[in-house]
Amino acid sequence: MAKLSKRLDTNVEGNFFVDSTCIDCDTCRQLAPSTFVENGDYSAVFEQPQSVEEELSAYQALIACPVGSIGTVKKDSNIFSKAQTSFPLSIEDGVYYVGFNSEKSFGAHSYFIQHPEGNWLIDSPRYLKQLEHAFEALGGIRYIFLSHEDDVAEATRYAKIFNATRIIHRADSHAMPDAERIIEGRDRVEVEPEYVCIPVPGHTAGSMALLYKKRFLFSGDHLWWNRTDQQLGTPKNLVWDDGLLEQSIRTLCDDPFEWVLPGHGERIHLPYHAMKSAVEQLIQRRWPIQSSPM
Ligand code: SF4
């Protein structure tokens, strides 16, 4: 629960504020970019919501914040309830952003796929009864795909509730030792038609991406959109093996996808050819070919 006594001076005056417990995870800036901005090592309110829609987005950010760092001087209960029941938020074609990011995964995003053959949860949000009911209403959870060791959060709890199969790579399986399905080695595995698990070691030894319908790439902490530079990004710090990271990014060059849905960083939707070119440009920037000395 955000405290007025810890309100950051970087907030503009008004109802919404961020306090000093913020972990700078970026969730609020994605959900309500017209209200929140990065300022130093924290987020801050740079403009108070100007419309009901903006206020709804600000309340969605307040609810999704993994550490409860966003507060209001006076809560509008109607809009707050509306925001609370709005999650998961539909993205496109049965794919949802779940919200309720967990502090256990440093505020990583999780996603949900609704599918007639069984639904998928991609990485884990916080546990809330309300979210359990929302998943139930959407048809439950058949698989929980874990992109890597950092983002498992409450996966075990959701797996028990829905009798779901947790999928993780062997090299990161210490984070979920009793997972029902372990992916081995570097080969891609089609778990169900339209769902391909792609090992992408680099950030961690057992990082994986999930390619769904040859359109949606759930990329964990492997690949994301950088809002400031308007280009794809990949980790520079917290990299287990940079050479493998490069190989893993290169393997995605020939994959058809038009969405990148990351654990951290911004999601992006581009036409196929533009996405391919964005991946190629990322490789050129991050691992430039050194010209040999004359
Ligand atoms: S969602 Fe919360 S923790 Fe994350 S950047 Fe915003 S205020 Fe900070």
Side-chain angles (χ1 to χ4, degrees), residues 1-50 53-76 79-89 91 96-112 122-128 130-131 134 147 150-154 219-221 224-229 233 235 237-238 261-268:
M1 201 59 179
K3 289 196 171 70
L4 259 175
S5 57
K6 294 183 177 174
R7 186 183 189 282
L8 294 166
D9 292 341
T10 44
N11 294 287
V12 294
E13 286 302 316
N15 194 29
F16 282 87
F17 66 91
V18 176
D19 79 10
S20 58
T21 59
C22 169
I23 58 171
D24 199 20
C25 73
D26 194 48
T27 301
C28 57
R29 304 191 292 264
Q30 288 192 45
L31 282 169
S34 55
T35 300
F36 300 95
V37 71
E38 188 170 25
N39 194 324
D41 294 335
Y42 304 100
S43 278
V45 174
F46 75 99
E47 184 168 58
Q48 295 291 337
Q50 302 292 309
E53 290 73 29
E54 285 186 3
E55 199 167 357
L56 178 67
S57 302
Y59 274 112
Q60 286 171 330
L62 181 152
I63 289 160
C65 174
V67 285
S69 303
I70 301 172
T72 49
V73 178
K74 190 169 183 306
K75 185 164 93 180
D76 183 321
I79 303 185
F80 179 81
S81 318
K82 209 171 160 188
Q84 237 189 347
T85 51
S86 66
F87 294 102
L89 303 178
I91 295 175
Y96 295 79
Y97 160 64
V98 173
F100 301 102
N101 299 28
S102 172
E103 186 179 7
K104 291 180 182 170
S105 56
F106 198 75
H109 306 307
S110 56
Y111 302 92
F112 184 86
I122 289 91
D123 290 327
S124 170
R126 267 177 271 162
Y127 173 79
L128 278 97
Q130 161 194 344
L131 203 47
S147 64
D150 302 331
D151 293 352
V152 301
E154 304 292 346
S219 56
D221 291 356
W224 59 76
W225 186 251
N226 186 317
R227 186 185 310 127
T228 313
D229 303 338
N237 305 314
L238 302 174
L261 298 152
H264 293 286
E266 190 142 346
R267 59 178 176 256
I268 185 69

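Counting starts at 1 for both ligands and their atoms, in listed order.
For the residue pair Ser86/Gln60, the side-chain donor-acceptor check at 3.5 Å is satisfied. Side-chain polar atoms of Thr21 and Ser69 form a donor-acceptor pair below 3.5 angstrom.
When atom types are taken as modelled, the side chain of Ser124 and the backbone of Glu154 share a donor-acceptor pair closer than 3.5 angstrom.
Atoms of ligand 1 lying under 4.0 Å from any heavy atom of Cys28, numbered from 1 in the order shown and given with element: 1 (S), 5 (S), 6 (Fe), 7 (S). Set against the non-hydrogen atoms of Asp26, the atoms of ligand 1 under 4.0 Å away are 4 (Fe), 5 (S). Applying the 4.0 Å criterion to heavy atoms of Thr27 picks out, from ligand 1, the atoms 1 (S). In summary, the atoms of ligand 1 found under 4.0 Å from a heavy atom of Val67, numbered by their order in the structure, are 3 (S).
The proximity of Cys22 to ligand 1, defined as any non-hydrogen pair under 4.0 Å, involves the side chain as well as the backbone. At a 4.0 Å heavy-atom cut-off, ligand 1 touches Ile70 through the side chain alone. Looking at Asp24 against ligand 1, only its backbone comes within 4.0 Å, counting heavy atoms.
Put simply, Cys25 gets within reach of atom 4 (Fe) of ligand 1, with an N, O or S atom under 2.8 Å from it.
Among all non-hydrogen protein atoms, the one lying nearest atom 3 (S) of ligand 1 is Ile23 N, 3.4 Å. Atom 2 (Fe) of ligand 1 has Cys65 SG, 2.3 Å as its closest protein atom, hydrogens excluded (heavy atom only).
Exactly one of His264, Arg267, Gln30 qualifies for a side-chain hydrogen bond (donor to acceptor under 3.5 Å, both in side chains) with His109. That residue is Gln30. Looking at Ile63, Val67, Leu62 one by one, the single match for side chain to side chain contact (heavy atoms under 4.5 Å, CB included) with Cys65 turns out to be Val67.
Between Phe36 and Phe16, the two ring planes are perpendicular [angle over 60°; tilted spans 30° to 60°].
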